[in-house]
Visitor: 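Got a structure for you, questions after.
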2 protein chains.
Amino acid sequence: MDSNKKFLNGTLNTIVLALLKDNGKMYGYEICQKAKTKTDNSILLTEGAIYPTLHRLEKEGLIISSKEKVNGRTRKYYSINVSSIQEVNSQIHLLSQFTGHLRALLNLST
Amino acid sequence: MDSNKKFLNGTLNTIVLALLKDNGKMYGYEICQKAKTKTDNSILLTEGAIYPTLHRLEKEGLIISSKEKVNGRTRKYYSINVSSIQEVNSQIHLLSQFTGHLRALLNLST
DNA sequence: AAATATACATAAGACTATTATGTATCGGCC
DNA sequence: GGCCGATACATAATAGTCTTATGTATATTT
């Protein structure tokens, strides 16, 4: 059920970018929940993976963060850096192409 | 163009199994060529990745090998171990599901 | 004769995810 | 009132896979 784990490698970066692009702004915990609910509990992002990924993407300048206190708990919201939107689109497009190629190799019609 | 590289991680195992299942028996170099031609020169498997993968899969008992001398060059042919066909099908199915979930996250219709 | 394609193999290094651990607040339950 | 689960962040040690580089060897093309 959660054997998807081993496939995640390399795609997590782009998954995060795609979710942020769609949802405007999100925080780490929320991204994990979204991925989980959108994939029937199949893609389960762990904290040890998501937070380093967010830090990495911010360091690279693709996303920006801002802290907010909500209900007493601190949330760190991330959103796409507008000046990097082309690069983000490019990365999403590449992953999209890759899934297509994968499906061709697996003989999946669509 | 070959930025698919970073997405490959974790999926190579299953790609190899899928190709072997479709083509009966193949050798390492042939697998690389097949992946390349079937994906418009996008998925380029390197020798440093393919050979360790084949050795790993054989060690796990999912595939079996036999050496043949063809035109003066030695080829090591691999094929699915018939007694592991269920496990192979299962792994291919999991990757297939994963690509579906990925496409859902990327908002790709198909 | 030299370069390219074929065909295998392995080692060093980089990168990413898993697992484990730590901190802290909030809400529900008994 | 105290405990547990959910929320929310973070980091370190470890494992695993891929890239890059290197090596060997034969056949074909230029």
Side-chain angles (χ1 to χ4, degrees), chain A residues 1-17 25-37 41-60 62-63 65-78 91 95 98 102, chain B residues 1-17 25-37 41-60 62-63 65-78 91 95 98 102:
Chain A
M1 194 64 68
D2 63 344
S3 299
N4 286 301
K5 280 181 180 178
K6 56 169 170 267
F7 298 131
L8 200 61
N9 208 306
T11 64
L12 178 53
N13 250 293
T14 315
I15 289 175
V16 169
L17 293 176
K25 83 181 192 184
M26 303 177 87
Y27 53 101
Y29 191 83
E30 187 185 12
I31 293 173
C32 297
Q33 299 304 312
K34 192 68 147 184
K36 189 182 172 187
T37 55
N41 299 318
S42 290
I43 293 189
L44 307 174
L45 309 182
T46 60
E47 298 179 306
I50 192 70
Y51 292 114
T53 293
L54 288 167
H55 300 163
R56 197 189 311 140
L57 291 173
E58 185 171 30
K59 208 171 182 179
E60 289 171 9
L62 297 180
I63 63 179
S65 69
S66 60
K67 282 185 184 169
E68 279 183 40
K69 194 127 185 169
V70 181
N71 298 328
R73 286 195 216 86
T74 301
R75 286 181 187 169
K76 200 165 167 189
Y77 279 97
Y78 291 90
Q91 289 199 23
L95 180 52
F98 179 73
L102 246 188
Chain B
M1 192 63 68
D2 63 344
S3 300
N4 286 301
K5 278 183 183 179
K6 56 169 170 268
F7 299 130
L8 199 61
N9 207 308
T11 63
L12 178 53
N13 249 293
T14 314
I15 289 174
V16 169
L17 292 176
K25 82 180 195 184
M26 302 177 85
Y27 53 100
Y29 190 84
E30 186 185 11
I31 292 173
C32 297
Q33 298 304 312
K34 192 68 147 185
K36 189 181 172 189
T37 55
N41 299 318
S42 290
I43 294 189
L44 306 174
L45 310 183
T46 59
E47 299 179 306
I50 192 70
Y51 292 114
T53 293
L54 288 168
H55 300 163
R56 197 189 310 139
L57 291 174
E58 185 171 29
K59 209 170 179 179
E60 290 171 8
L62 297 180
I63 63 178
S65 69
S66 61
K67 282 186 184 167
E68 280 182 40
K69 195 127 188 168
V70 180
N71 296 329
R73 287 195 214 85
T74 300
R75 287 180 185 169
K76 200 167 167 189
Y77 278 98
Y78 291 89
Q91 290 200 22
L95 180 52
F98 179 73
L102 247 188

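By convention in this document, chain letters (A, B, ...) are assigned in the order of the sequence lines, proteins followed by strands, and residues within each chain are numbered from 1.
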Visitor: Can you tell me how far P of C:dA9 sits from CG of B:L57, to the nearest Å?
Guide: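 For the pair B:L57 CG and C:dA9 P, the rounded distance is 13 Å.
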Visitor: Expressed as a whole number of angstroms, how long is the span from A:M26:CE to D:dC9:P?
Guide: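 Checked: the CE to P distance equals 11 Å.
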Visitor: Side chain of B:E47 only, please: which of D:dT17, C:dA7, D:dC9 is the nearest?
Guide: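 Minimum distance to the B:E47 side chain belongs to C:dA7.
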Visitor: Can you figure out which of C:dT10, D:dT11, D:dT26 approaches the side chain of B:R73 most closely?
Guide: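 For B:R73, the side-chain atoms sit closest to D:dT26.
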Visitor: Which listed nucleotide (D:dT7, C:dT16, C:dT10) is nearest to the side chain of A:Y29?
Guide: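 Of all the options, the side chain of A:Y29 is nearest to D:dT7.
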Visitor: Would you call B:Y29 and B:R75 a side-chain contact if the rule is heavy atoms closer than 4.5 Å?
Guide: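 Side chain of B:Y29 against side chain of B:R75, heavy atoms only: no contact under 4.5 Å found.
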Visitor: Which whole-number value in Å describes the distance from B:E30 CD to C:dA7 P?
Guide: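 The answer, rounded to whole Å, is 8 Å.
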Visitor: Between D:dA27 atom C1' and B:R75 atom CZ, what is the distance in whole Å?
Guide: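 Between C1' of D:dA27 and CZ of B:R75: 12 Å.
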Visitor: Look at the side chain of A:N13 and decide which nucleotide, out of D:dT19, C:dT19, C:dT16, has an atom nearest to it.
Guide: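 Looking only at heavy atoms from C-beta outward on A:N13, the closest nucleotide is C:dT16.
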Visitor: Nearest to the side chain of B:R56 - C:dC8, D:dC18, C:dT10?
Guide: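 Looking only at heavy atoms from C-beta outward on B:R56, the closest nucleotide is D:dC18.
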Visitor: Whole angstroms only, please: what is the NZ-P distance between A:K59 and D:dA10?
Guide: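 Interatomic distance, NZ of A:K59 to P of D:dA10: 14 Å.
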Visitor: Reckon A:Y51 has a side-chain N or O less than 4.0 Å from the OP1 or OP2 of D:dA10?
Guide: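 Answer is no, no contact under 4.0 Å.
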Visitor: Tell me whether the rings of A:F98 and B:F7 are parallel (<30°), tilted (30 to 60°) or perpendicular (>60°).
Guide: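 A:F98 vs B:F7 ring planes: tilted.
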Visitor: Heavy atoms from C-beta onward define the side chain here; which of C:dA9, C:dT6, D:dT19 lies closest to that of B:Q33?
Guide: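 Nucleotide nearest to B:Q33's side chain: C:dT6.
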Visitor: Figure out the NE2/P separation between A:H55 and C:dA17, and round it to whole Å.
Guide: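 Those two atoms, NE2 and P, are 14 Å apart.
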